[in-house]
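Structure below; questions to follow.
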Amino acid sequence: MNFHLITLFPEVCKAYTDASVLGRAQKTEKGKGAKVRGKKISVNYYNPRDFTIDKHHKADDRPYGGGPGMVMKAEPILKAWEKAVGRKKGKVKTLIMSPRGATFSQQMAKELAGKYEHVVLISGRYEGIDARVKKILKADEVSVGDYVLTGGELPALTILDAVAREVPGVLGTQESLEDKRVSSGEMYTRPEMIKYRGKNHAVPAVFLSGDHKAIDTRRGDQG
Ligand code: SAH
């Protein structure tokens with residue numbers, strides 16, 4: 001799975017995608033013996049500012065029809081998209097981050113991971129993106145929730161993260177992907193007893209019992 005992020009702030013996003021599980025999934029890993037595990041995902045960045053042609057590298061401009069704020073210009077984004085996936089043969093999905101889009105869900109994450117080879121995530125800033133981008137690229141608008149952020153970077157990272165988790169091999173064990181685990185809430189780790197402000201907080205006995213059926217029931221899993 002190849003992710004392509006079009007954003008004015010690639011360095012902000014890269015700090016996140018290079019860490020932990022996502023960072024590891026972008027590297028080849030040496031397994032036991034001569035075994036080498038291939039890369040599971042690639043994460044590529046494109047800054048619309050690098051695709052501007054004026055000397056000030058302006059990626060935004062005033063809105064036609066008036067109104068406050070600025071709008072991200074279409075052409076630098078279209079050029080960035082061309083660079084990212086313009087010549088790719090595999091299946092490409094393009095998503096524009098927007099508080100007015102369809103609300104992102106686990107179901108969408110599964111579909112994206114299963115059906116596409118390239119996912120392009122376009123992050124807006126200011127008042128949003130010139131509407132022609134959506135039409136030209138046949139993109140879908142996606143929201144991460146009923147609230148407005150200052151930019152599409154956190155939404156793009158949220159989607160990337162949820163989709164990458166669904167790519168086989170990104171998580172350590174296949175079982176972590178099971179649907180029922182999405183809501184397996186109650187977890188404990190060492191130590192067995194924590195003293196906090198004079199009160200003792202023990203790990204419930206059932207978790208120490210070794211009775212996996214009882215533990216699954218307690219966690220709300222179906223077993
Ligand atoms: N006035 C604009 C808001 C722009 S917010 C409007 O009504 O659409 C700036 C950018 O942040 C948007 O272009 C979008 O890319 C991103 N953004 C903000 N909230 C978001 C959300 N809930 N989901 C996805 N993207 C969001």
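Residue numbers run from 1 in the order of the sequence given. Note that ligands are numbered from 1 as they come in the structure, with each ligand's atoms numbered from 1 the same way. Note that the structure is a prediction, hence the values are computed from the model and not measured.
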Less than 4.0 Å between a side-chain N and a carboxylate O, is that true for Lys39 and Glu29?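 No salt bridge links Glu29 with Lys39.
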Counting only heavy atoms closer than 4.0 Å, does ligand 1 sit against the backbone of Val142, its side chain, both, or neither?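 The answer is the backbone.
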Atoms of ligand 1 close to Gly152 [distance to a heavy atom under 4.0 angstrom, numbered from 1]: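 Counting atoms of ligand 1 from 1, those under 4.0 Å from Gly152 are 11 (O), 15 (O), 16 (C).
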Using distance alone, determine whether Gly145 and ligand 1 share an N or O pair under 3.5 Å.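 N/O-N/O distance below 3.5 Å exists for this pair.
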Whether Gln26 side chain and Thr17 backbone form a donor-acceptor pair below 3.5 Å: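 Looks like yes, one N/O pair under 3.5 Å.
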What I want to find out is whether Lys213 reaches Asp211 closely enough, with some N-O distance under 4.0 Å, to be called a salt bridge.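 No.
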Closest protein heavy atom (residue, atom, distance) for atom 5 (S) of ligand 1: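 Here the nearest protein heavy atom works out to Leu149 O, 3.3 Å.
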What part of Ser143 sits under 4.0 Å from ligand 1 if we count only heavy atoms: the side chain, the backbone, both or neither?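 Under 4.0 Å from ligand 1, Ser143 contributes backbone and side-chain atoms.
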Report the nearest protein non-hydrogen atom to atom 2 (C) of ligand 1: residue, atom name, distance rounded to 0.1 Å.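 Nearest protein contact, heavy atoms only, for atom 2 (C) of ligand 1 is Glu127 O, 3.4 Å.
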Salt-bridge present (Lys93, Asp140; N to O < 4.0 Å):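 Judged by the 4.0 Å cut-off on N to carboxylate O distance, Lys93 and Asp140 do form a salt bridge.
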In ligand 1, which numbered atoms sit nearer than 4.0 Å to a non-hydrogen atom of Gly128?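 Result: 13 (O).
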Distance under 6.0 Å and angle within 45° of the ring axis: does Lys91 meet both against Tyr116?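 Yes, Lys91 lies over the aromatic ring of Tyr116.
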Should the pair Lys14-Asp18 be classified as a salt bridge under the 4.0 Å nitrogen-to-oxygen rule?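 Salt bridge: yes.
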Taking everything shown except Asp146 itself, do over 12 heavy atoms lie less than 6.0 Å from its CG?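 Atom CG in Asp146 is not packed in, count stays at 12 or less.
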So which bit of Thr150 gets within less than 4.0 Å of ligand 1, heavy atoms only: side chain, backbone, both or neither?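 Backbone only.
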State whether the number of non-hydrogen atoms from other residues, nucleotides or ligands found under 6.0 Å of Lys79 atom NZ is greater than 12.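 Yes, the 6.0 Å shell around NZ holds more than 12 heavy atoms from other groups.
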Name the closest protein heavy atom to atom 22 (N) of ligand 1, giving the residue it belongs to and the distance to 0.1 Å.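 Answer for atom 22 (N) of ligand 1: Tyr147 O, 2.8 Å.
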Taking only heavy atoms of Val148, which atoms of ligand 1 are found under 4.0 Å from at least one of them?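 Here the atoms of ligand 1 in question are 5 (S), 19 (N).
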Indicate yes or no: does an N/O atom of Gly124 lie under 3.5 Å from an N/O atom of ligand 1?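 Yes, at least one N or O pair falls under 3.5 Å.
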Is it true that Arg218 and Glu186 have a side-chain N and a carboxylate O under 4.0 angstrom from each other?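 Answer for the salt bridge query: yes.
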When you measure from atom 23 (N) of ligand 1 to every protein heavy atom, which one gives the shortest distance, and what is it?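 Result: Val144 N, 3.1 Å.
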Counting heavy atoms only, which part of Arg100 comes closer than 4.0 Å to ligand 1: side chain, backbone, both or neither?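 Under 4.0 Å from ligand 1, Arg100 contributes side-chain atoms alone.
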Check each atom of ligand 1 against the heavy atoms of Gly151 and keep those under 4.0 Å away; list them by number with element.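 Those qualifying, in numeric order: 10 (C), 11 (O), 16 (C), 17 (N).
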If you look at every heavy atom in Pro48 and Met72, which pair is closest and at what distance?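 That would be CG-CE, 4.2 Å.
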List the closest protein heavy-atom neighbour of atom 4 (C) of ligand 1: residue, atom name, distance to the nearest 0.1 Å.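 Answer for atom 4 (C) of ligand 1: Tyr126 O, 3.4 Å.
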Just so I know, are the side chains of His201 and Lys195 near enough to count as touching, which here means a heavy-atom distance under 4.5 Å?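 No, their side chains stay 4.5 Å or more apart.
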Heavy atom of the protein closest to atom 15 (O) of ligand 1 (residue, atom name, distance):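 Ranked first by proximity to atom 15 (O) of ligand 1 is Met97 O, 2.7 Å.
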Identify the protein heavy atom lying closest to atom 25 (N) of ligand 1, giving its residue, its atom name and the separation to 0.1 Å.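 Result: Ser98 N, 3.3 Å.
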